[in-house]
Amino acid sequence: MEMERHLLNLLHSTLHIKQIKQVHALIVINYPTLTTDFVKSLLRLSIVVYARNVFDKIPHPSQVLYNSLISTYSKLSLKKNALEAFVLMHGSGTRVVGSTVAPVMKSCTSLLAVELAKEIHSLVVKCGFSSDVFVQTPLMDFYAKTCDIESAKKVFDGIFMKDPICYNCLISGYSKSGDVIAARRLFDEMSERTVVSWNSMISCYANNGYYHEGLSIFERMQAEGCSPNEISVTTVLSICAKLRDLETGLRVKKFIDENDFHLNMIVSTALLEMYVKCGAIEDARHEFDCMDRRDVVTWSAMIAGYAQNGKSSEALELFERMKNEPIEPNDVALVSVLSACSQLGSVGAGERIGNYVESRGFIFNVYVASALLDMYSKCGNISKARQIFNKMPHKDVVTWNSLIAGLAANGFAEDAINLYEKMKEIRVIPDDITFVGVLTACTHAGLVELGLEFFRSMKLDYDITPTIEHYACIVDLFCRSGRLKEAYEFICIMEVEPNVVIWGTLLSASRIHSNAKLAELSVKKLLALEPENSGTYVLLSNIYASAGRWQESLRVRNLMKINRVQKTTACSWIEMDNKVHKFLVGDTSHARSNEVYRIVDGLAMQLTTASYNLNSDLEF
DNA sequence: TTAGGGTTAG
């Protein structure tokens, strides 16, 4: 007996495979009755593959041994193995007990193994575990997480001694199926709430768009003496991000600092994200730099933050830096950096990332592939964009929208319209953005009647309420065909208030078609909408001047001075060999400024020779 | 039982 105990103790003092094999050999030859204990010891040490090999050679493993195997698989997150072992156990006729069912049920939930879960449910009923809260709760959680809220409620009702965990699970279930009222009713019913109960209720509100209600539960939680934990503040920060509420976000940050929660990476990333969404990109970067651990989510959030805030160069830079880290860029990081390349029109970097995407098989990811397609089309490589589209095995409405808009923007109006027809053929439902693309295509091709037809179809066939963008397309459609009167009449009957884009479109068309009356009207509307825009004042002044109305022209110039309107400096830039070259009006600071101007002058000369009137749209 | 990041138009 002494020797036997010694053998198993030996195992605990080593994890070396050679010694394990020696112990195993001794057991096989001299102590075969020790095999079950040997397997149990291995499982306790998480040496699960070896344990399983030995387990498989045992003719009739005991119920206890099956339990150890399943719970070890479950503990190590080897969920499929846990389910497979359970099926084996049940098939062998070994009696199943409550403590076996709980980990198996949890594995079913995370693997969404619906069939097996339902079989286990009937087994639970048959075996009479119905009073066991440790079996019922994971079972209810399964239904809650798979959005079968009716079944979850039934299981909940059948539980005799309901603890807070039961309530919390069902609250999450209601949250997932969007029934905020039912979740709140349950929450109010609870006689005893844990921090998880409060968190579940906050995230229920957060996930269903009731942000202010979420914040008020967070307040109440503290007022009632329940101390928020890392999960509470993370959820609340995500609410602040959604609400763009920097003030509340900063109050939460103070709480985080006081409680040392910033040591938690998820909390810090949520804080970073809150800064990003509130436009405080510098603070986000500061948080990023202060973090001592960052995972792929942290990196992606920062890269996306830059991309979303128009800081595309910074997004690209950070992506490059990420390559020196032991973190592989994932789909989210790629989507964000591709979006940055699109904004920059950065062909070189875009292609590099494109090659990476294709070589790593990310083309199968509809988000990444759509962003890639969009990048190519924005960088002017429409044939490559088409190629990506054709290669994509899964496409969603965004994919179709991206190529339709890309074709329209690159001058392939007919192809864009044909693509839209094909999209309808294979029954992908167009959305509002699809129609912006389609209408833009019609605008570019001068297809007024077809455009109007699409506009009608959008409302009639797809029940899409036109937004200001759609109205702007129609105004542009009339304008480009010189049908200014119809454009103006359309603006007058629009169901939304015309904005600067609409009046700007009419203005530019009025100038091209020398309609001083409509130009004057549009400019006045523009001035009312954005009195700080210097360009509009200059335009109006020019309009009066060219009509010989000098007094009025002067008055506008004075008005500009009174309103202290500054002319904003126009700026353009181009990327060459990974370097961005920036140019301002009249700027001679560039090292090769002389050459640049020589080329510009040459181009102007060529244009004049080709009988273009360079200032045609400035004159009346 | 409760937490953090993404694509399309204008």
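Letters A, B, ... mirror the listed sequences (proteins, then strands); counts begin at 1.
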Quiz prompt | Base B:dA3 paired with A:Asn264 side chain (donor-acceptor, <3.5 Å) | solution = yes
Quiz item: Counting side-chain heavy atoms from CB outward, which of B:dG6, B:dT1, B:dT8 is closest to A:Ser339?
Solution: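 My answer, after comparing the listed nucleotides, is B:dT8.
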Quiz item: Heavy atoms under 4.0 Å, any strand shown: does A:Glu273 hit a base, just sugar-phosphate, or nothing?
Solution: sugar-phosphate
Quiz item: Does any donor atom in the side chain of A:Asn199 or A:Ser232 lie under 3.5 Å from an acceptor atom in the other side chain?
Solution: yes
Quiz item: Can we say A:Lys162 and A:Glu189 salt-bridge, meaning some charged N sits less than 4.0 Å from an Asp/Glu carboxylate O?
Solution: no
Practice problem: Quick one: label A:Lys277 by what it contacts on the DNA or RNA (base, sugar-phosphate, nothing), any heavy atom closer than 4.0 Å. | Solution: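 It contacts sugar-phosphate atoms only.
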Quiz prompt | Out of B:dT7, B:dA9, B:dA3, whichever nucleotide has its closest atom nearest the side chain of A:Val436 | solution =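 Nearest listed nucleotide: B:dA9.
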Quiz item: Nearest to the side chain of A:Asn199, which nucleotide is it out of B:dT2, B:dG10, B:dT1?
Solution: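 Side chain of A:Asn199 sits closest to B:dT2.
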Quiz item: Choosing from B:dT1, B:dT8, B:dG5, which nucleotide comes nearest the side chain of A:Val196?
Solution: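 Among the listed nucleotides, the one closest to the side chain of A:Val196 is B:dT1.
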Quiz item: Atom CZ of A:Phe362 and atom P of B:dG6: how far apart are they, to the nearest Å?
Solution: 17 Å
Exercise. Let me know which of A:Met302, A:Lys277, A:Arg285 forms a side chain to side chain contact (heavy atoms under 4.5 Å, CB included) with A:Leu272.
Key: A:Met302
Self-check item: Rounded distance (Å) that lies between atom C1' of B:dT8 and atom CE of A:Met392
Solution: 11 Å
Quiz item: Just to confirm, is there a sub-4.0 Å distance from OP1 or OP2 of B:dT1 to any side-chain nitrogen or oxygen of A:Lys176?
Solution: no
Self-check item: d(CZ, A:Phe218; P, B:dT2) in whole Å
Solution: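 In whole Å, B:dT2 P lies 19 Å from A:Phe218 CZ.
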Quiz item: Do the side-chain N or O atoms of A:Thr440 get closer than 4.0 angstrom to the phosphate oxygens (OP1, OP2) of B:dG10?
Solution: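 For B:dG10, OP1 or OP2 has a side-chain N or O of A:Thr440 closer than 4.0 Å.
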Quiz item: Nearest-Å distance, CD1 (A:Ile231) to P (B:dG4)?
Solution: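 Computing the A:Ile231:CD1 to B:dG4:P distance gives 9 Å.
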Quiz item: According to a strict under-4.0 Å criterion, is A:Lys242 in side-chain N/O contact with OP1 or OP2 of B:dG5?
Solution: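 No, A:Lys242 has no side-chain N/O under 4.0 Å of OP1/OP2 on B:dG5.
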Practice problem: Write down the distance between CZ (A:Phe261) and P (B:dG4), rounded to a whole number of angstrom. | Solution: 16 Å
Exercise. Just call it for A:Asn365: base, sugar-phosphate, or nothing, with non-hydrogen atoms closer than 4.0 Å on any strand.
Key: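 A:Asn365: base contact, heavy atoms under 4.0 Å.
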Exercise. For A:Asp295, answer base if it contacts any base atom (sugar-phosphate contacts may also be present), sugar-phosphate if it contacts only those atoms, and nothing otherwise; contact means non-hydrogen atoms under 4.0 Å.
Key: base
Quiz item: Is the centre of the A:His286 ring less than 6.0 Å from the centre of the A:Tyr275 ring?
Solution: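 Between A:Tyr275 and A:His286, which both carry aromatic rings, the centre distance is not below 6.0 Å.
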Practice problem: Return the nearest nucleotide to the side chain of A:Lys106; candidates are B:dT1, B:dT8, B:dG6. | Solution: B:dT1
Quiz prompt | OP1 or OP2 of B:dA9 under 4.0 Å from side-chain N/O of A:Lys378 | solution =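 Yes, because at least one side-chain N or O of A:Lys378 sits under 4.0 Å from OP1 or OP2 of B:dA9.
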Quiz item: Which part of the nucleic acid, if any, lies within reach of A:Thr234 when heavy atoms closer than 4.0 Å are counted: base, sugar-phosphate only, or nothing?
Solution: base
Practice problem: Examine A:Lys395 relative to A:Phe389 and say whether NZ or CZ is less than 6.0 Å from the centre of the six-membered ring and inside a 45° cone about the ring axis. | Solution: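 Output yes; distance and angle both within limits.
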Practice problem: Test the A:Lys384-A:Tyr376 pair against the cation-pi criterion, namely NZ or CZ under 6.0 angstrom from the six-membered ring centroid and within 45° of the ring axis. | Solution: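 Yes, a cation-pi geometry holds between A:Lys384 and A:Tyr376.
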Quiz item: Expressed in angstrom and rounded to an integer, what is the separation of A:Leu334 atom CG from B:dG6 atom P?
Solution: 14 Å
Exercise. Could you please name the option among B:dA3, B:dG5, B:dG6 that lies closest to any side-chain atom of A:Asn330?
Key: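 Given the options B:dA3, B:dG5, B:dG6, the side chain of A:Asn330 is closest to B:dG5.
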Practice problem: Please state how far atom CZ in A:Arg294 lies from atom P in B:dG5, giving the value in whole angstrom units. | Solution: 18 Å
Self-check item: Proximity to the side chain of A:Glu469 - top-ranked nucleotide from B:dG10, B:dT1, B:dG6
Solution: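 Ranking B:dG10, B:dT1, B:dG6 by closest atom to the A:Glu469 side chain puts B:dG10 first.
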Exercise. Round to the nearest Å and state the distance from A:Phe142 atom CZ to B:dT1 atom C1'.
Key: 16 Å
Exercise. Answer yes or no on whether A:Arg184 is positioned over the face of A:Tyr210, meaning its NZ or CZ is under 6.0 Å from the six-membered ring centre and within 45° of the axis.
Key: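 No, a cation-pi geometry is absent between A:Arg184 and A:Tyr210.
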Self-check item: Donor/acceptor link under 3.5 angstrom from A:Thr298 side chain onto base of B:dG4
Solution: yes
Practice problem: Mark this stacking check for A:Trp299 against B:dG5 as yes or no, applying ring centres under 5.5 Å and ring planes under 30°. | Solution: no
Quiz prompt | Nearest-neighbour nucleotide for the A:Val368 side chain, B:dT1, B:dG6, B:dA9 considered | solution =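 Given the options B:dT1, B:dG6, B:dA9, the side chain of A:Val368 is closest to B:dG6.
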Exercise. Give one of base, sugar-phosphate or nothing for A:Val233, where a contact means two heavy atoms less than 4.0 Å apart.
Key: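 If one applies the 4.0 Å heavy-atom cut-off, A:Val233 turns out to touch nothing in the nucleic acid.
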Practice problem: Please tell me which of the listed nucleotides, B:dG5, B:dT1, B:dA3, lies nearest to the side chain of A:Val296? | Solution: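 Comparing B:dG5, B:dT1, B:dA3 against the side chain of A:Val296, the answer is B:dG5.
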Quiz item: A:Ser370 near the nucleic acid: base, sugar-phosphate alone, or nothing, with a heavy-atom cut-off under 4.0 Å?
Solution: base
